[in-house]
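First the structure, in the form of structure tokens, and then the observations on it.
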Amino acid sequence: MADIPLQVISENSVSERRITPSWSITQLKRKLEPVTGIPPSSQRISLKTPSKETIPIEAADEDTTLLLSFPLSAHVELHIIDTRPASARVNFNDTSGVDKYVMPAEEYEKKSDSVLAWKKAEKLGRFNPDAPSLEKAKIDAFDSEIKSRGIEVGKRCRVGADDSRRGEIKYVGEVKEIPGSIGAWVGVHLDEPVGKNDGSIGGTRYWGTESALKHGVFVRPERVEAGDWPVLDDLEDMEEI
């Protein structure tokens with residue numbers, strides 16, 4: 001009798017396998033061990049028929065009982081359950097104990113098909129000969145924006161153009177804790193706690209003391225308008241009651 005393709009399903013694997021009907025149950029279990037990782041003695045096998053009926057693949061004498069005895073048909077599901085206690089099973093999803101290969105930096109730099117090699121070829125990032133001048137131009141642009149807008153520590157300001165956030169400028173300068181940033185930032189203590197921090201970022205405090213209220217925000221100079229911006233009075237437009 002020809003082999004029959006079945007869908008073999010276990011906790012850690014799903015695959016299509018060709019099963020020979022003349023195998024005994026014992027032979028089947030031995031062949032399923034490398035597929036499922038479950039020892040033959042711990043396998044409980046069942047067959048799910050096209051009519052969704054579940055039939056146990058078991059017998060009193062599994063050495064002589066052949067798979068011919070069961071209603072095998074192409075592409076039905078063969079389910080294998082591991083009867084061992086959870087503590088005795090191998091966790092194939094746990095990679096914490098697996099040694100990971102880390103390529104030495106000098107070897108990586110020699111490769112011609114790496115991202116690093118591509119950046120070098122395209123002169124991107126630190127490999128761009130104009131990178132230092134571009135960075136300086138960006139820093140100079142921020143400094144020019146600060147001067148033209150009259151941004152100074154202690155001045156009142158508003159952040160953004162919608163006039164919903166006003167406050168006091170508390171810091172002007174670089175913020176090393178913001179990843180990938182160069183040039184000046186403006187730290188503002190907002191009148192209302194609608195900011196992103198309490199005047200500290202990445203463990204460095206730029207003004208104030210620790211607080212659960214987030215009055216602080218760091219923005220680029222072009223988003224700050226310094227001037228006579230008094231604290232908003234939410235009640236000034238209300239009619240008399």
Side-chain angles (χ1 to χ4, degrees), residues 1-127 177-181 194 196-197 201-203 212 214:
M1 188 175 185
D3 291 350
I4 301 173
L6 301 182
Q7 194 79 358
V8 176
I9 301 173
S10 67
E11 182 181 0
N12 295 303
S13 67
V14 177
S15 61
E16 184 177 288
R17 300 287 168 168
R18 303 189 71 83
I19 304 299
T20 302
S22 59
W23 290 345
S24 66
I25 296 177
T26 299
Q27 285 178 296
L28 173 66
K29 288 185 174 182
R30 282 203 300 263
K31 292 180 183 294
L32 288 176
E33 182 177 11
V35 176
T36 63
I38 305 172
S41 60
S42 300
Q43 294 177 19
R44 185 164 72 236
I45 306 175
S46 61
L47 182 72
K48 184 169 285 188
T49 67
S51 61
K52 304 302 180 183
E53 181 184 2
T54 299
I55 300 175
I57 303 295
E58 59 186 12
D61 185 357
E62 295 187 345
D63 290 337
T64 59
T65 302
L66 305 183
L67 300 181
L68 286 167
S69 309
F70 303 91
L72 302 179
S73 61
H75 307 298
V76 298
E77 296 179 355
L78 197 65
H79 290 260
I80 299 88
I81 295 176
D82 192 338
T83 60
R84 293 175 295 178
S87 59
R89 303 176 195 173
V90 179
N91 185 357
F92 294 103
N93 296 316
D94 182 10
T95 60
S96 60
V98 179
D99 291 334
K100 299 175 179 62
Y101 173 71
V102 178
M103 182 180 293
E106 57 272 16
E107 184 178 339
Y108 178 68
E109 290 177 357
K110 295 176 183 177
K111 293 180 67 65
S112 60
D113 57 349
S114 65
V115 173
L116 180 64
W118 175 74
K119 284 186 175 181
K120 288 180 179 179
E122 298 295 325
K123 295 182 172 57
L124 298 176
R126 59 190 172 95
F127 304 109
E177 292 74 23
I178 299 177
S181 70
V194 291
K196 300 291 186 181
N197 52 68
I201 184 170
K214 296 183 178 181

Quiz item: Do Asn12 and Asp82 pass the side-chain contact (heavy atoms from CB on, under 4.5 Å) test, and can you show the C-alpha distance, the side-chain angles, and the key distance before you say yes or no?
Solution: CA-CA 10 Å; Asn12 295 303; Asp82 192 338; over 6 Å; no

Going by heavy atoms in the side chains, are [X] and [Y] under 4.5 Å from each other?
X: Ile19; Y: Leu28; result: yes
X: Asp113; Y: Trp118; result: no
X: Thr64; Y: Ser24; result: no
X: Pro5; Y: Arg17; result: no
X: Glu16; Y: Val8; result: no
X: Val14; Y: Gln7; result: yes
X: Leu78; Y: Ile57; result: yes
X: Leu47; Y: Pro71; result: yes

Would the distance check show the side chain of [X] and the main-chain N or O of [Y] forming a donor-acceptor pair, the cut-off being under 3.5 Å?
X: Ser181; Y: Ile178; value: yes
X: Gln43; Y: Lys29; value: yes
X: Ser69; Y: Leu66; value: yes
X: Ser42; Y: Ile38; value: no

Which pair of non-hydrogen atoms, one from [X] and one from [Y], has the smallest distance, and what is that distance?
X: Ala59; Y: Thr65; value: CB-OG1, 3.3 Å
X: Arg84; Y: Val90; value: NH2-N, 4.5 Å
X: Lys110; Y: Glu106; value: CG-O, 3.3 Å
X: Val35; Y: Ser15; value: CG1-OG, 3.8 Å
X: Glu33; Y: Pro39; value: OE2-CA, 3.8 Å
X: Thr83; Y: Ser41; value: OG1-O, 4.4 Å

Practice problem: Start with the C-alpha distance between Tyr108 and Val115, add both sets of side-chain angles, then the distance that settles side-chain contact (heavy atoms from CB on, under 4.5 Å), and finish with yes or no. | Solution: CA-CA 10 Å; Tyr108 178 68; Val115 173; 4.0 Å; yes

Quiz prompt | Distance-only donor-acceptor check, side chains Asp63 and Thr26, under 3.5 Å | solution = yes

Quiz item: For residues Thr20 and Asp3, is any side-chain donor paired with an opposing acceptor at under 3.5 Å?
Solution: yes

Quiz prompt | Atom NZ of Lys120 with >12 non-hydrogen neighbours under 6.0 angstrom | solution = yes

Quiz item: Yes or no on side-chain contact (heavy atoms from CB on, under 4.5 Å) for Lys214 and Asn197, after CA distance, side-chain angles and deciding distance?
Solution: CA-CA 5 Å; Lys214 296 183 178 181; Asn197 52 68; 5.7 Å; no

Quiz item: Taking atom OG1 of Thr54 and atom NZ of Lys48, what is their separation to the nearest 0.5 Å?
Solution: 5.0 Å

Quiz item: So how far is it from Ile80 CD1 to Ser46 OG, rounded to the nearest 0.5 Å?
Solution: 8.0 Å

Self-check item: Derivation and outcome, side-chain contact (heavy atoms from CB on, under 4.5 Å), residues Phe70 and Ile25
Solution: CA-CA 10 Å; Phe70 303 91; Ile25 296 177; 4.0 Å; yes

Quiz item: Does the distance from a Lys or Arg side-chain N to an Asp or Glu carboxylate O, for Arg44 and Glu58, drop under 4.0 Å?
Solution: no

